[in-house]
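Data block below; observations after.
Nothing here was measured: the structure is a model prediction, and the numbers come from that model. Just so we're on the same page: letters track the sequence lines, and every chain starts at 1.
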2 protein chains.
Amino acid sequence: MPKSSLKEQMPSTAFLQDEKDIAILALLQANARITVKEIAEKIHLSTSPVHDRIKRMEANGVIKQYATLVDHNKVNKGLMVICYVSLKAHSKNAGVKFINTINELNEVIECYSISGEFDFMLKVMAANMEDYYNFHVNKLSQIENIGHVQSVFVMGIIKQTHQLVYDR
Amino acid sequence: MPKSSLKEQMPSTAFLQDEKDIAILALLQANARITVKEIAEKIHLSTSPVHDRIKRMEANGVIKQYATLVDHNKVNKGLMVICYVSLKAHSKNAGVKFINTINELNEVIECYSISGEFDFMLKVMAANMEDYYNFHVNKLSQIENIGHVQSVFVMGIIKQTHQLVYDR
DNA sequence: ACTGAAATCTCCATTGT
DNA sequence: ACAATGGAGATTTCAGT
C-alpha cells in the first residue's frame, strides 16, 4: 500500500481532509479575523465550502480558539521568566494540588510537566523584577510541597509564533 | 503625589486609557471573533466607542495579532520539546547567523535568549520522536557554530493560555 | 468622548448543479 | 461537494451632544 497522498499520511482519525483545510488553517492562524470571502478568493473556492470546512474544524476541535495576542511590553508585562519547579513528594495527590494552584495564578501563562531533574516548567509574565520577586516569594514558594525552584530570565525574544507549518 | 488611579500606575507612555480598555482586551483575548456589539453590551457602552478603542489599540500596537490557535495533537504536531542551545563563539556575527537560521525553521515556534549556562531556549513542535530526531540531527545540529544542545521533553500540558490578567 | 442612527459589507442558509 | 443568491445582522461612519 503506497503512502503518497497527504490523506494517507494523516493519522487514522483524520481531522483534516486535504490541502485545502491546511491552506485555510494557515490563513486563519495568521489572522483570525480574515473573512470567509477573502479565504475563498485566496484558495480559489466559493464561500460556502470554506464556511463549511471552518465550521467542521471548529466542531472537531482542530480549531481550539480565536485569540487576540497582546504586546507584553505595552501592557506592563514585559518581563518573561522560565521557572523550574520540583516537588518534595510525588504522590498523585501532591501533584494534583500543585496543578490546581498553578491554574489559579494569573502570572503563570504556561506550565508543563517535563522530563529531567525538575518536575515542571513554568512561563511567568511579570511587570518587572520587583513584581516577579513578589510572585516568587509570596505565591510560588508558598505552595505546599514545593521543593527546588530555579528561575531563568528571558533577555530577548528571538522568535514567537503559533503558526504550525505543514511542509512535506 | 498619590498613586491610586490605574492611569497613574501605567508607564509614562500609556497605551491603555482606563479600565474599559482592559475589559475590552480581556474579552478579545478570550475570543478574537467576538462582535463589537457583544463587547459593547457587556461593558455597558455603545458600539462606536468600543470600535474606536479597538482601532486605537490596533494602531498603537497593544493588539499585536488576531490568531487562531490549533490543537497540536489533532494536526500531527503532538510532541513538544524544550531545547537548550549554547554557541561555540559569541561574536555578534555568530549570534545573528544563528538567529536568522532559527527563524527559517518551522519546527521552532519560540526562541528566547536566556540567562544561565545556555544561550538560547527553543520550543520545538514535532509529529513524533522520529520527526524530532530528524530535526535534531539534520537541522539543529547542522547549524554553524552550535555548541551544546540539551532536549527536555514535555510529558503533559498543565496550563496554556495567552490571557494576561491585570489584577490590582 | 459617548450616543444613536444610517449605510455598507459580511455572514449564513437555501436553492440548484 | 461546490456555486450562487437574498435576507439578517454586523461593522463602520457620521451626525449631534
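In this structure, A/Ile43 atom CD1 and D/dA3 atom P are separated by 10 Å, rounded to whole Å. Across the protein-nucleic acid pair, B/Glu41 atom CD and C/dT3 atom P stand 13 Å apart, rounded to whole Å. In this entry the distance linking NZ of B/Lys37 with P of C/dC11 reads 17 Å, nearest Å. To the nearest angstrom, P of D/dA10 lies 12 Å from CD1 of B/Ile34. Rounded to whole angstrom, the span from the CG atom of B/Asp52 across to the P atom of D/dT13 amounts to 9 Å. Per the geometry, CD1 belonging to B/Ile54 stands 9 Å off P belonging to D/dT12, to the nearest Å. If you take CD of B/Glu38 and C1' of D/dG9, they are 13 Å apart, rounded to a whole angstrom. Between the CG atom of B/Asp18 and the P atom of C/dA1 there is a distance of 10 Å, given to the nearest Å.
Within 6.0 Å of CG on A/Asn93 lie no more than 12 heavy atoms contributed by other residues, nucleotides or ligands. Within a 6.0 Å radius of NE2 in A/His90, more than 12 heavy atoms belonging to other residues, nucleotides or ligands are found.
With hydrogens and angles ignored, a donor-acceptor pair closer than 3.5 Å exists between the side chain of A/Ser48 and the base of D/dA3.
For A/Pro49, the listed nucleotide lying nearest its side chain is D/dA3; candidates were D/dA10, C/dT10, D/dA3. Listed candidates were C/dC11, D/dA3, D/dT11. Nearest to the side chain of A/Ser46 is D/dA3.
A sub-4.0 Å separation between OP1 or OP2 of C/dA1 and a side-chain N or O of B/Gln17 is present. Here B/Arg53 does not reach the OP1 or OP2 of C/dA1: none of its side-chain N or O atoms lies under 4.0 Å away. The phosphate of C/dC12 (OP1 or OP2) has a side-chain N or O of A/His51 nearer than 4.0 angstrom.
B/Tyr112 and B/Phe120 have their aromatic ring centers separated by at least 6.0 angstrom.
Two different hydrophobic clusters hold B/Leu69 and A/Met57 under the rule that ILVMFWY side chains link at heavy-atom gaps under 4.5 Å.
Note on B/Arg33: nothing from the nucleic acid sits closer than 4.0 angstrom, heavy atoms only.
Ring geometry, B/Phe135 versus B/Tyr132: the interplanar angle falls from 30° to 60°, so the pair is classed tilted.
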